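Just so it is clear, the values below take in all heavy atoms, side chains as well, and ignore hydrogens, waters and symmetry mates. Please read all numbers here as calculations on a predicted model, not as lab measurements.
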Amino acid sequence: MAREDDLDRRRRELEAALSARRPEPSDEGKSAGSGSMAGAANALKLSSEFIAGIVVGAVIGWVIDKLAGTSPFGLVVFLLLGFCAGVLNALRSTGQLAEFGSRRSRSDGDGTEKK
């Protein structure tokens with residue numbers, strides 16, 4: 001019985017600590033349609049970055065094919081490279097991939113390491 005009481009006490013403490021760290025939702029400046037418009041804007045941004053990578057890769061490949069006479073190999077190679085660049089740009093925009101050259105340190109900004 002003592003273990004269950006201890007477990008309940010620790011659970012309540014954890015819930016209190018987590019609720020103190022959670023940001024409170026603010027209803028200021030949000031209307032019913034603003035959430036859907038923000039999602040649509042984000043989707044448009046991601047799709048345009050993805051498509052731009054593919055189009056730029058295809059154009060570079062087509063130009064290389066015309067100049068070097070290697071049709072269709074340059075187009076295929078650079079189309080695939082453009083696809084990869086589009087995927088990387090979309091992942092960077094969503095924050096799932098760090099920017100090139102940036103390091104994620106394990107410190108919390110004041111010089112101390114997190115454990």
Side-chain angles (χ1 to χ4, degrees):
M1 193 67 160
R3 291 181 71 181
E4 290 179 12
D5 291 339
D6 184 49
L7 184 62
D8 286 336
R9 179 189 55 81
R10 288 177 29 206
R11 183 184 52 83
R12 284 191 303 270
E13 289 174 0
L14 179 62
E15 286 176 354
L18 288 175
S19 66
R21 289 187 178 211
R22 282 190 197 121
E24 293 184 19
S26 64
D27 293 333
E28 302 176 357
K30 287 189 175 181
S31 63
S34 67
S36 63
M37 292 306 290
N42 196 23
L44 184 63
K45 176 184 155 191
L46 290 175
S47 63
S48 65
E49 287 183 3
F50 179 69
I51 291 171
I54 293 173
V55 168
V56 168
V59 168
I60 290 173
W62 181 77
V63 168
I64 287 176
D65 279 342
K66 289 297 176 184
L67 293 176
T70 58
S71 184
F73 298 109
L75 179 65
V76 170
V77 168
F78 278 92
L79 189 65
L80 291 174
L81 287 174
F83 176 80
C84 292
V87 169
L88 284 175
N89 284 337
L91 288 175
R92 284 184 189 136
S93 291
T94 59
Q96 294 180 356
L97 189 67
E99 292 289 331
F100 179 73
S102 67
R103 292 187 193 178
R104 292 186 180 205
S105 65
R106 297 194 58 151
S107 68
D108 57 357
D110 60 355
T112 60
E113 281 193 19
K114 292 182 180 178
K115 294 183 181 181

Checklist entry - Listed by chain and number, what are the ring pair (Phe, Tyr, Trp, His ring centres under 6.0 Å) partners of F50, not counting sequence neighbours? => result F83
Roughly how far apart are [X] [atom1] and [Y] [atom2], rounded to 0.5 Å?
X	Y	atom1	atom2	result
R12	L7	CZ	CG	10.0 Å
I51	N89	CD1	CG	12.5 Å
D6	R9	CG	CZ	4.5 Å

All N/O donor-acceptor pairs, side-chain side in residues 62-69, below 3.5 Å, sequence neighbours left out:
unit_1, atom_1, unit_2, atom_2, d
D65, OD1, T70, OG1, 2.8
D65, OD1, G74, N, 2.9
D65, OD2, L75, N, 2.9

Checklist entry - For atom CZ of R10, is the number of surrounding heavy atoms from other residues, nucleotides or ligands below 6.0 Å larger than 12? => result no
Item to check | Nearest heavy-atom neighbours spanning K45 and S93 | outcome: CE-OG, 4.0 Å
Checklist outcome for this item: Here the pair of heavy atoms bringing A58 nearest to L79 is CB-CD1, 3.6 Å
Checklist outcome for this item: Cluster membership besides F73, Ile/Leu/Val/Met/Phe/Trp/Tyr side chains within less than 4.5 angstrom, sorted by chain and number, is none
Next on the checklist: Grouping I, L, V, M, F, W and Y whenever their side-chain heavy atoms are under 4.5 Å apart, do I60 and V77 come out in a common cluster?
Outcome noted: yes
